[in-house]
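Below you'll find the structure, written out as C-alpha cells, and then a few comments.
Just so you know, these numbers come straight off a predicted model, no measurement behind them.
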Amino acid sequence: MTTEAVVTPGVVTTAAENTTSLIQSVDWLAIAPPVVVASVALIVLVADLFLPEERKPLLGRVTIAGLVAALALLVPLRDGDRSTFCLTAATTGTGTTGACSYTADHFALVIQALVLGGALLTALLSLGDTRKLPAGEFWFLLLSSASGAALLPAARDLATLVVALEVASLPAFALVGIKRGDRRSSEAALKFFLSSVVATAVMLLGVSFVYATTGTLHLTEIAARLDDVPGQLDTLAKAGVVLTLVGFAFKTAAAPFHFWVPDTYVGAPLPVAAYLSVVGKAVGFSGLILVTVIAFPAYADVWGPALAVLAALTMTTGNVAALRQNATRVRSAVRLLAWSSVAQAGYLLVPIAAAAYSSDEHIGSTVAYALMYAVVNLGAFAVAALVARTNPGNRISDYRGLYATRPLTALAMAFFLLCLAGLPPGIIGLFAKVTVFSAAVDAGLGWLAVVMAVNVVIALYYYLQWTAALFRAPEETATDKAAPAPARHRAPASLTAAIALTAVAGVVLSGAPQTVLRFAAVNLF
C-alpha cells in the first residue's frame with residue numbers, strides 16, 4: 001500500500017486508498033499581525049500583576065512596541081495572496097481546497113494597516129493621559145480590541161466575522177467607562193453597551209437566517225448558494241440579509257442607529273473617543289463590505305437601495321446636528337467631532353451602495369476615504385487632547401486665539417479641519433470626496449450625488465467657523481488684563497509626536513494623493 005501526500009496552500013492532506021486526512025497546517029505568517037497584538041495584550045495583563053506602580057509606564061511602551069511589530073509584519077504579506085483555515089479536500093469532495101476562513105488579501109492588509117496604525121496613534125495619545133486610569137487594564141483592553149479589529153477584515157466566514165466583531169467591541173465598552181467614579185463615563189459606557197448588545201442580537205438572528213437558507217457560513221459559499229435559493233426560502237434569505245446589515249449599520253454609526261455616538265464620545269476619555277471614531281468605524285465598514293460585496297451580491301437589489309437611503313440620511317443627520325452645536329457648551333468640540341464622524345460615515349456608505357448598481361471596484365473609494373479620514377480625524381482628536389490639558393471644558397470657544405499661543409498646533413488643526421471639509425490645502429480630503437461623488441454618479445445614483453453635494457456645503461460652515469476661530473484674537477476681559485499671563489504647559493512628547501505624525505501624513509498624502517486614491521481605481525478583492 002502506498003501513501004501519497006497532497007499539498008495545497010495552507011492545507012496538508014494525506015491520501016491512502018481513498019482516505020483523506022483533515023489535518024491542516026496553519027499559515028502563521030498570514031495570521032501574525034492579530035496574533036502578535038493578542039499575545040502582547042496577554043503579556044501586558046500578566047506584567048501588570050507584578051510591576052510596581054512607578055514602573056507602570058513601561059506597559060505603554062510595550063504596547064507601542066507590539067503595535068509597531070504587528071505593522072511591520074504586514075510588509076511580507078504585501079502580495080496579498082495568502083489564505084489559511086480552508087475547507088479540505090475531504091470536506092469539499094474534490095481534490096482541491098475550498099473556501100477559507102482567513103484570507104490576507106489586499107483589502108485585508110489595507111484595513112489592518114489602518115486599524116493598527118490607528119491603535120498606535122491612540123496609544124501615543126494615551127501615554128500622557130493614563131495618570132488617573134488603571135494603566136494595566138487600559139493597555140490590555142486597547143490591545144484586545146485592536147486584535148479583534150485586525151482579525152475582522154481577513155475573516156471570510158460569518159462565524160469568524162461575528163467573533164472578531166465582538167472581540168473588537170467588548171473591550172471598547174470597558175474603555176469608554178474606564179474612568180472610575182465619573183458619572184458621564186459610566187453613562188456613556190452603559191448606553192454604548194446596551195445599544196451594541198441589541199444590534200449584535202439582531203445581527204446574529206440575521207446570520208442564523210442566512211445559515212438556514214444556505215447551509216454554510218463561508219462568504220463565497222453563501223454567495224454561490226444565494227444565487228439559487230428555493231422560492232419558499234427567498235423571504236427568509238432576504239430577512240437574513242437585512243437583519244445582518246442592521247447589525248453592521250450600528251457599528252458604522254449610520255442613522256438611525258447613530259444615537260449612541262455623541263454621548264459615548266463625550267463620556268469616554270479623549271484617546272478612546274479618537275479610537276472609536278477611526279478604528280471602530282473601520283471595523284464596521286470592513287464587515288459591511290465583506291457581507292455585501294462577497295456574501296450577498298445576489299441580493300444587491302435589497303441592500304443597494306437600503307444603503308443608499310442610509311447614506312443620505314446619515315450624512316444629513318450628522319451635518320445638521322453638527323451645525324447646531326453651541327461653541328460655548330462644555331465639550332462642544334468633542335460633540336462637533338462626534339457629529340462630524342456621523343456625517344463622514346454617510347459619505348463612506350456611498351461607494352458601498354454604488355457597488356450594488358455597478359462593479360465592486362467602487363469599494364476602493366470607501367477604502368481611500370477611510371484612510372484619509374483616519375489620518376486627519378486622529379490628528380484633530382490629538383489637538384483636542386492637547387487643548388484639553390489647559391481647558392478641561394474643551395469648548396470650541398477655547399480654541400479661539402490658539403494661533404497666538406501655539407502657532408504650529410493651530411496650523412495643524414486648521415489643516416485637519418480643511419481636509420475634513422474637502423478644501424485646499426487639504427487636497428487629500430478634496431480628492432477623496434471627488435472619488436466618492438464619482439462613484440455615486442457612475443452608478444446612476446444622481447439623487448444621492450446631489451444630497452452629498454448639499455451636505456458638503458452645509459459642512460463647510462461649521463468646519464470653516466472652527467478654523468477661523470483658531471486665528472482670531474483671544475477675547476480679553478478686565479480681569480484678564482490685570483492678571484498675569486497664564487503659564488504655558490509643555491505638551492507630552494508622545495502627544496506632540498501624534499500631532500506631528502498625522503500632520504506629516506496628511507501633507508504627504510495631499511502632495512501625492514495617488515498613493516491612497518489608486519485604491520479607488522482597482523478591485524481590492
Side-chain angles (χ1 to χ4, degrees), residues 125 176 184 188 191-192 252-255 258-278 280-281 314-348 372-403 409-423 426 429 433 454-472 499 502 506:
L125 292 181
V176 170
R184 185 187 289 114
K191 289 181 179 178
F192 187 21
T252 59
H258 67 288
F259 49 85
W260 58 274
V261 173
D263 289 339
T264 299
Y265 284 24
V266 168
L270 263 176
V272 175
Y275 178 82
L276 292 176
S277 72
V278 172
K281 210 171 245 61
T314 302
M315 65 178 74
T316 303
T317 301
N319 281 319
V320 171
L323 198 64
R324 298 176 62 248
Q325 294 305 305
N326 187 341
T328 59
R329 182 182 180 183
V330 175
R331 307 278 285 180
S332 57
V334 179
R335 282 193 176 274
L336 192 147
L337 287 175
W339 285 114
S340 166
S341 173
V342 173
Q344 300 292 340
Y347 303 144
L348 287 163
M372 178 281 298
Y373 169 77
V375 170
V376 298
N377 206 60
L378 282 169
F381 269 102
V383 174
L386 178 60
V387 172
R389 297 183 72 85
T390 52
N391 298 279
N394 218 330
R395 304 170 179 83
I396 296 175
S397 57
D398 294 334
Y399 292 76
R400 178 166 181 170
L402 184 62
Y403 183 77
T409 302
L411 289 173
M413 187 62 171
F415 176 71
F416 298 142
L417 293 173
L418 291 176
C419 281
L420 290 171
L423 290 176
K433 280 187 168 57
V454 172
N455 274 279
V456 169
V457 173
I458 294 174
L460 289 178
Y461 177 80
Y462 61 82
Y463 283 132
L464 290 178
Q465 188 178 47
W466 194 350
T467 304
L470 299 172
F471 301 97
R472 288 179 183 160
I499 297 174
T502 50

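Considering all non-hydrogen atoms of both residues, Ala253 and Ala345 come closest at O-CB, 4.3 Å. Across all their heavy atoms, Phe416 and Val383 have their closest contact at CE1-CG2, 4.1 Å. Of all non-hydrogen atoms in Ala273 and Ala268, the two that sit nearest each other are N-CB, 4.3 Å. Considering every non-hydrogen atom in both Val375 and Gly506, the closest pair reads CG1-N, 3.8 Å. The shortest non-hydrogen separation linking Ala322 to Leu336 is O-CD1, 4.1 Å. Across all their heavy atoms, Gly426 and Cys419 have their closest contact at CA-SG, 3.4 Å.
The shortest side-chain heavy-atom distance between Lys433 and Tyr347 falls under the 4.5 Å cut-off. Taking the side chain as every heavy atom from C-beta outward, His258 and Trp339 approach each other to under 4.5 Å. Contact of the Phe381 side chain with the Leu270 side chain is registered, since non-hydrogen atoms from C-beta on lie closer than 4.5 Å. No side-chain heavy atom of Tyr275 sits under 4.5 Å from any side-chain heavy atom of Pro271. Looking at heavy atoms from C-beta onward, Met413 lies out of side-chain contact with Thr409 at the 4.5 angstrom threshold. A 4.5 Å side-chain heavy-atom check between Val376 and Thr502 finds every atom pair outside the cut-off. Taking 4.5 Å as the limit, every side-chain heavy atom of Lys191 sits out of range of all side-chain heavy atoms of Phe259. No side-chain heavy atom of Thr316 sits less than 4.5 Å from a side-chain heavy atom of Val454.
Looking at Tyr399 and Asn391, their side chains never bring a donor and an acceptor atom within 3.5 Å of each other. A donor-acceptor contact closer than 3.5 angstrom links the side chains of Tyr463 and Ser340. Side chains of Lys281 and Thr252: a donor-acceptor N/O pair is absent below 3.5 angstrom, by distance only.
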key: Verdict with reasoning, Tyr373 to Ser341, per side chain to side chain contact (heavy atoms under 4.5 Å, CB included)   = CA-CA 9 Å; Tyr373 169 77; Ser341 173; 3.1 Å; yes
ask   = Taking it one step at a time, do Ser397 and Thr328 satisfy side chain to side chain contact (heavy atoms under 4.5 Å, CB included)?
value = CA-CA 6 Å; Ser397 57; Thr328 59; 4.2 Å; yes
request  = Please assess Leu423 against Leu464 for the test side chain to side chain contact (heavy atoms under 4.5 Å, CB included), listing each intermediate value before the final yes or no.
outcome  = CA-CA 10 Å; Leu423 290 176; Leu464 290 178; 3.7 Å; yes
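No donor-acceptor pair under 3.5 Å is formed between the side chain of Arg400 and the backbone N or O of Ala469. Although no hydrogens or angles enter the test, the distance criterion places a donor-acceptor pair under 3.5 Å between the side chain of Thr314 and the main chain of Ala255. Asn394 places a side-chain N or O within 3.5 Å of a backbone atom of Ala384 that can act as its donor or acceptor partner.
Rounding to the nearest 0.5 Å gives a distance of 13.5 Å between CZ of Arg324 and OH of Tyr462. The OG1 atom of Thr390 lies 8.0 Å from the CG atom of Asp398; values are rounded to the nearest 0.5 Å. Distance CG/Leu420 to CG/Asn377: 6.0 Å, rounded to 0.5 Å. Rounding to the nearest 0.5 Å gives a distance of 10.5 Å between CE of Met315 and CD1 of Ile458. To the nearest 0.5 Å, atoms CG (Leu323) and CD (Gln465) are separated by 8.0 Å. Taking CG of Leu417 as the reference point, atom OG1 of Thr467 lies at 4.0 Å (rounded to 0.5 Å).
Between Phe471 and Tyr403, the ring planes are tilted. Angles from 30° to 60° get that label.
Salt-bridge annotation for Asp263 and Arg335: present, with a side-chain N of the basic residue lying under 4.0 Å from a carboxylate O of the acidic one.
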